[in-house]
There are 2 protein chains.
Amino acid sequence: MAADHTRTAIITAAERLYAERGFADVTMRDIVAAADVNLAAVNYHFGSKDELIAELFVTRSLATNRERLRELKAAEEAGDGRADIHAIFAALVGPTLRGCLGPEKQRSDAARFMIRASIESVPPIRKIKNREVDHLKRFAAAMRRSLPDQDPADIFWALHFALAMAHQTIRDSERLTRMSDGLCDLNDVQAITDRVVAVAVMALTGRAARAPAKEPAKTKARA
Amino acid sequence: MAADHTRTAIITAAERLYAERGFADVTMRDIVAAADVNLAAVNYHFGSKDELIAELFVTRSLATNRERLRELKAAEEAGDGRADIHAIFAALVGPTLRGCLGPEKQRSDAARFMIRASIESVPPIRKIKNREVDHLKRFAAAMRRSLPDQDPADIFWALHFALAMAHQTIRDSERLTRMSDGLCDLNDVQAITDRVVAVAVMALTGRAARAPAKEPAKTKARA
DNA sequence: TTGCATTTCAAACGCGTGTATGAAACTATC
DNA sequence: GATAGTTTCATACACGCGTTTGAAATGCAA
């Protein structure tokens, strides 16, 4: 119904403002001003500020995970159950990278909101975030199917590094641009994705190049 | 003089609290309670909360950079001006990793404070942070000396990725532990450093494994 | 001790925040 | 068109924040 107009306006405005300026700097008065609704509307429709944030996060989290898994599934089907490892990483970092970088026009507030959420870690979100681990485990499982002989720990490390690289590239693209005097092209999202994926794959499979540990290092007793 | 006792107590307490809980959650009342001094002492000795944060950041930033550059210099001297690329990356990420991970007992509030500062990006810090770019450029220069034939853009990307991996490992070590069900050992700091360095080096030198771009991609017109 | 500058202290101020209130406006059903 | 339920609105409340204040305490030279 059109009765949801106020609700929708709040969600849209809040997501955009949070994406742009972070949770700390955006007040409820900012949100209702941007949404052109009354101050009390947020509490009426969502209960509290925290519940608004939680709802935004849950909605977007599900959507992001859905898209990632859709790409993952397509990759696995293309490989008869064993996806190409590049495709797995691409499914992991591609959606977020595309939503946060690239031409201004096609960036999504949704993706940038999720990055904010992963950075600022505000209380209402922190409690929900635990499920993300389960989501990532599905990618780890796909990677293990793709490379059955790989050391499981290396799989988790590579997954962790892939997210780290994608994440930081989004967060700190400005520093990279300034550091490289514009040499690193932040507009070619496909090239960035390819680069992150390539490094992640090397992190996983290119162990030959890794410097050997000086000593066996204390192996965590497991018996 | 002993007259600095209050000042010192505030700095110590603030650094610890900020490192543990972040800027957003720590109030001046928390700080003065932990330091066991009067509320007005912060404003008397530092002027304002922001100036306290700025002083903490500047002090620690200089110290961190100094240690990094000390290791870098040692590496360059060991190689007669051309440091081994592994050593350069180790100088970049080693100090911070050692200060933030590893046995509880030897973690430093200083290193963890710097990580907080790089995460939360509170106004008083944001203004100072620009100098970090100059600091990183010195590492990029060392890398170029180490590998003169390397594509400059790749050098910046590898530097960026190295920081990303180290940074995220510190920030989100808990997620990695949970995701891997404890398989990834976060206590062996040396092994972690070696791993990050190895991947960073592969990101820089192992380009053969990278998937070729589908098309030339729009080259940013520079003329 | 006296006198003056420095430092500490309890208390309060002003401001911005999220939230609550109760009346007014709107919507839909009979 | 009267009525009950829903939604909007202006306004106010309570609270926590960083900061200020002015007096008391302390340090220190003469």
Side-chain angles (χ1 to χ4, degrees), chain A residues 1-58 113 116-117 120-128, chain B residues 1-58 113 116-117 120-128:
Chain A
M1 299 302 167
D4 294 351
H5 167 257
T6 300
R7 235 186 105 90
T8 307
I10 291 172
I11 289 178
T12 306
E15 191 165 54
R16 199 194 80 233
L17 289 178
Y18 283 144
E20 286 173 357
R21 293 160 39 192
F23 297 105
D25 288 353
V26 176
T27 72
M28 307 203 58
R29 285 166 175 82
D30 292 333
I31 295 172
V32 298
D36 198 34
V37 301
N38 187 269
L39 174 58
V42 174
N43 291 279
Y44 178 79
H45 286 281
F46 297 91
S48 68
K49 181 191 183 181
D50 281 6
E51 288 173 272
L52 166 62
I53 293 177
E55 176 167 333
L56 285 174
F57 181 73
V58 168
F113 171 86
R116 281 289 181 192
E120 296 200 9
S121 187
V122 68
I125 288 183
R126 209 173 310 157
K127 297 166 188 166
I128 311 172
Chain B
M1 299 300 166
D4 293 352
H5 167 258
T6 300
R7 236 187 104 90
T8 308
I10 291 172
I11 289 178
T12 306
E15 191 165 53
R16 198 193 82 233
L17 289 178
Y18 283 143
E20 286 174 355
R21 293 160 40 192
F23 296 105
D25 287 353
V26 175
T27 72
M28 306 203 59
R29 286 168 174 84
D30 291 332
I31 295 172
V32 299
D36 199 32
V37 301
N38 187 268
L39 174 60
V42 174
N43 291 280
Y44 178 80
H45 285 283
F46 297 89
S48 69
K49 181 192 184 182
D50 281 6
E51 288 173 272
L52 166 62
I53 293 177
E55 177 166 332
L56 284 174
F57 181 73
V58 168
F113 171 85
R116 283 288 183 190
E120 296 201 10
S121 186
V122 70
I125 288 182
R126 210 172 309 158
K127 296 168 188 168
I128 311 171

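For D:dG16, its base never sits under 3.5 Å from the side chain of B:R29 at any donor and acceptor pair.
The CZ atom of A:F46 sits 15 Å away from the P atom of C:dG18 (whole-angstrom rounding). If you measure from atom CG of A:D4 to atom P of C:dC26, you get 19 Å, rounded to the nearest angstrom. The CG-C1' distance, from A:L39 to D:dT11, rounds to 10 Å in whole Å. Atom CG in B:D25 sits roughly 16 Å away from atom C1' in D:dG18 (whole-Å rounding). As rounded to whole Å, 17 Å separates atom C1' of C:dA20 from atom NZ of A:K49. D:dG18 atom P lies 10 Å from atom CG of B:D50, rounded to whole Å. Following rounding to the nearest Å, A:D30 (CG) and C:dG18 (P) show an atom-to-atom distance of 8 Å.
For the pair A:E120 and A:I125, the minimum side-chain heavy-atom distance is 4.5 Å or more. Between B:M28 and B:N43, some side-chain heavy-atom pair lies under the 4.5 Å cut-off.
Phosphate proximity of D:dA10 to A:N38: present, with a side-chain N or O under 4.0 Å from OP1 or OP2. OP1 and OP2 of C:dG18 both lie 4.0 Å or more from every side-chain N or O belonging to A:N43. Considering only side-chain N and O atoms, A:H5 lies nowhere under 4.0 angstrom from the phosphate OP1 or OP2 of D:dT7. Applying the 4.0 Å criterion to OP1 and OP2 of C:dT7, one finds that B:T6 has every side-chain N and O outside that range.
Judged by a 6.0 Å distance limit and a 45° cone about the ring axis, A:R7 is not positioned over the six-membered ring of A:Y44.
Considering only the side chain of A:M28, C:dT19 comes nearest among D:dT19, C:dT19, D:dC17. The side chain of B:Y44 approaches C:dT6 more closely than any other nucleotide in the set D:dT19, D:dT6, C:dT6.
B:A40 comes within 4.0 angstrom of a base, heavy atoms only.
Every salt bridge (charged side-chain N to carboxylate O under 4.0 Å, His left out) that A:R21 has, sequence neighbours left out, goes to A:D30.
Between A:F23 and A:F113, the two ring planes are perpendicular [angle over 60°; tilted spans 30° to 60°].
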